[in-house]
Peer 1: 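What follows is a single structure, and I will ask about it in a moment.
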Amino acid sequence: MAAVGLQTHIWANNTRSILLLAAFPVLMIFIIYGVQLVMMGFGFLPGTGRGLGDDMALAASWLGATIPLAFIVAGIWFTISWFGSQAMIDLMTGARKVERKSEPELYNLLENLAISRGLRTPTLRVIDNDSLNAFATGLHEGQYSVTVTRGLVDTLTRDEMEAVLAHELTHVINKDVRTMVIASIFAGIISVVAELVFRGLIYSRGGGRRDNKNALPLILIGLAFAAVGFALAIVIRMMLSRTREYVADAGAVELTKNPDAMISALRKVEGRSSLKGPDELQQLFLDNQPDGVGLEGLFASHPPIQKRIDALVKFGGGQDPGVWSGPQAGSGAATYATSTPVAG
């Protein structure tokens, strides 16, 4: 059932977090079993020398040993990621922690918003990059962080910056951040497993015992099992619905009482949000539009900015100033092109 309000959205995210934890063992079993069949087909693992069913049963019997080992490795990765996720994100993005004395206005905006919701102020971080983007990270109270780019700080007005910070703080309030970070950790584990297996097959090419008469069926069936595991991983990512961005935009309006500021901030961000980072991290960004269209757009982690603005105009009572033709950093005198009137 879809979330219909901020509180139900929080409940939905808590449910998604539980489902992520429950689905992860299923993904691992499918992928590990598929990998074993592929390696048996290539001759890197011994077969029975009998029928296809016997080989598949043999591979299944190995799960009793390989699955615990895989979960030990996954547990180590999860522990490292749980306690070191922010350090890894900082390393990947170049984000640095800032204090009130170095960014007083920015810090005060975030602190005032947090106080208005009775929250501990998240750590503030800045990326020295000209792109216009922001994101929130963290798994629990005391670990939450809000990161903004230098381009965003230099380009947005005070009201627009407050709206963006309120958007990111809403992600914290709604537990979107925790859900996305957990999903990123799991996706990272799956990616590491796939990378290790792929590299192992490439570098060991020619070293296997290629005498299994069931080689081709084993490889095809193994790839099918692995594909199901990866498909389930994609389904989990799709569970992290793009509606979270609409809800965060609405939360920003609720916090600031200024829909026009959120709309004009999105207009400035539009087309200028490109920021390097792994796919899992980019899902946390204020905006993350794919370079292409079609299927790539179908699996995009964020709705188009125009649709977000349309929603703010329709449900938040804001006014769309049109496409921004800046930049005119921090001046508040940005130029906007006339836009098509929003229907409804």
Peer 1: Below 4.5 Å, heavy atoms only, C-beta onward: do Y246 and K307 meet side chain to side chain?
Peer 2: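 With C-beta onward as the side chain, the pair touches.
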Peer 1: Using the test side-chain contact (heavy atoms from CB on, under 4.5 Å), find all partners of R100 that sit at least two apart in sequence or belong to another chain.
Peer 2: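 Scan of R100 (side-chain contact (heavy atoms from CB on, under 4.5 Å), adjacent residues dropped) gives Y107, N108, E111.
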Peer 1: Looking only at atom types and distance, does a side-chain atom of E245 sit under 3.5 Å from a main-chain N or O of H302, one as donor and one as acceptor?
Peer 2: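 No: the side chain of E245 does not pair with the backbone of H302.
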Peer 1: With side chains defined as the heavy atoms from C-beta onward, is the minimum distance between V126 and V148 less than 4.5 Å?
Peer 2: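 Yes, side chains in contact.
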Peer 1: For R150, is there an ion pair with E103 - N to carboxylate O distance below 4.0 angstrom?
Peer 2: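 Salt bridge between E103 and R150, a charged N being under 4.0 Å from a carboxylate O: yes.
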Peer 1: Check whether any side-chain heavy atom of I72 sits under 4.5 Å from a side-chain heavy atom of I76, and report yes or no.
Peer 2: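 Touching, per the 4.5 Å side-chain cut-off.
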Peer 1: Nearest 0.5 Å, what's the CG-OG1 distance between L124 and T147?
Peer 2: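 That separation rounds to 7.5 Å.
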Peer 1: Say you draw a straight line from CE of M161 to CG of L110; how long is it, rounded to the nearest 0.5 Å?
Peer 2: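 Taking CE in M161 and CG in L110, the distance rounds to 9.0 Å.
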Peer 1: Is it true that K97 and D90 make a salt bridge, defined as a side-chain N closer than 4.0 Å to a carboxylate O?
Peer 2: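 Salt bridge between K97 and D90, a charged N being under 4.0 Å from a carboxylate O: no.
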Peer 1: Hey, any chance F315 and L255 share a hydrophobic cluster, counting ILVMFWY side chains that come within less than 4.5 Å of each other, even indirectly?
Peer 2: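 F315 and L255: separate clusters.
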Peer 1: Taking atom CG of D130 as the centre, does the number of heavy atoms from other residues, nucleotides or ligands within less than 6.0 Å exceed 12?
Peer 2: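 Not more than 12 within 6.0 Å, no.
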Peer 1: Are any non-hydrogen side-chain atoms of Q86 and Q143 less than 4.5 angstrom apart?
Peer 2: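 Not in contact.
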Peer 1: Roughly how far, to the nearest 0.5 Å, is CH2 of W62 from CE of M39?
Peer 2: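 It comes to 9.0 Å.
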Peer 1: Using the rule given for side chain to side chain contact (heavy atoms under 4.5 Å, CB included), can you reason through M262 versus L266, listing the C-alpha separation, both sets of side-chain angles and the distance that settles it, and then say yes or no?
Peer 2: CA-CA 6 Å; M262 189 71 239; L266 289 173; 3.8 Å; yes
Peer 1: Would you call L52 and L218 a side-chain contact if the rule is heavy atoms closer than 4.5 Å?
Peer 2: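 In short, these two side chains touch, coming nearer than 4.5 Å.
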Peer 1: Return the set of residues passing side-chain contact (heavy atoms from CB on, under 4.5 Å) with K276 (not counting sequence neighbours), or none when no residue passes.
Peer 2: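 None.
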Peer 1: Taking the side chain as every heavy atom from C-beta outward, state whether D287 and L132 have any atom pair closer than 4.5 Å.
Peer 2: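 A side-chain contact is absent here, since even the closest heavy-atom pair is not under 4.5 Å.
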Peer 1: Closer than 3.5 angstrom, by distance alone: can the side chain of S273 be matched with the main-chain N or O of N133 as a donor-acceptor pair?
Peer 2: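 Judged by distance alone, no pair lies under 3.5 Å.
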Peer 1: Starting at CZ of R120, measure out to CD of E141 and round the result to the nearest 0.5 Å.
Peer 2: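 Separation between the atoms: 7.0 Å.
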Peer 1: Tell me, do E168 and L286 make a side-chain contact under 4.5 Å, heavy atoms counted?
Peer 2: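 A side-chain contact under 4.5 Å exists here.
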Peer 1: Would you kindly say whether N129 and S131 are connected by a side-chain donor-acceptor distance under 3.5 Å?
Peer 2: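 Present: a donor and an acceptor within the cut-off.
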Peer 1: Could you tell me whether a side-chain N or O of S145 sits under 3.5 Å from a main-chain N or O of T123, the two making a donor and an acceptor?
Peer 2: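 Here the side-chain-to-backbone pair exists.
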Peer 1: Compare all side-chain heavy atoms of T66 with those of V35 and state whether any distance is below 4.5 angstrom.
Peer 2: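 No, side chains not in contact.
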Peer 1: For L152, is there any backbone N or O sitting under 3.5 Å from a side-chain donor or acceptor partner on T155?
Peer 2: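 Side chain of T155 to backbone of L152, a donor-acceptor pair under 3.5 Å: no, none is there.
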Peer 1: Y33 side chain to M56 main-chain N or O, any donor-acceptor pair under 3.5 Å?
Peer 2: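 Between the backbone of M56 and the side chain of Y33 there is a qualifying donor-acceptor contact (under 3.5 Å).
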Peer 1: Name all pairs fulfilling the salt bridge (Lys or Arg N to Asp or Glu O under 4.0 Å) condition that reach into residues 29-47, sequence neighbours left out, sorted by first residue then second.
Peer 2: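 Passing the test, one end in residues 29-47: no pairs.
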Peer 1: So how far is it from D128 CG to R96 CZ, rounded to the nearest 0.5 Å?
Peer 2: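 Going from the CG atom of D128 to the CZ atom of R96 covers 4.5 Å.
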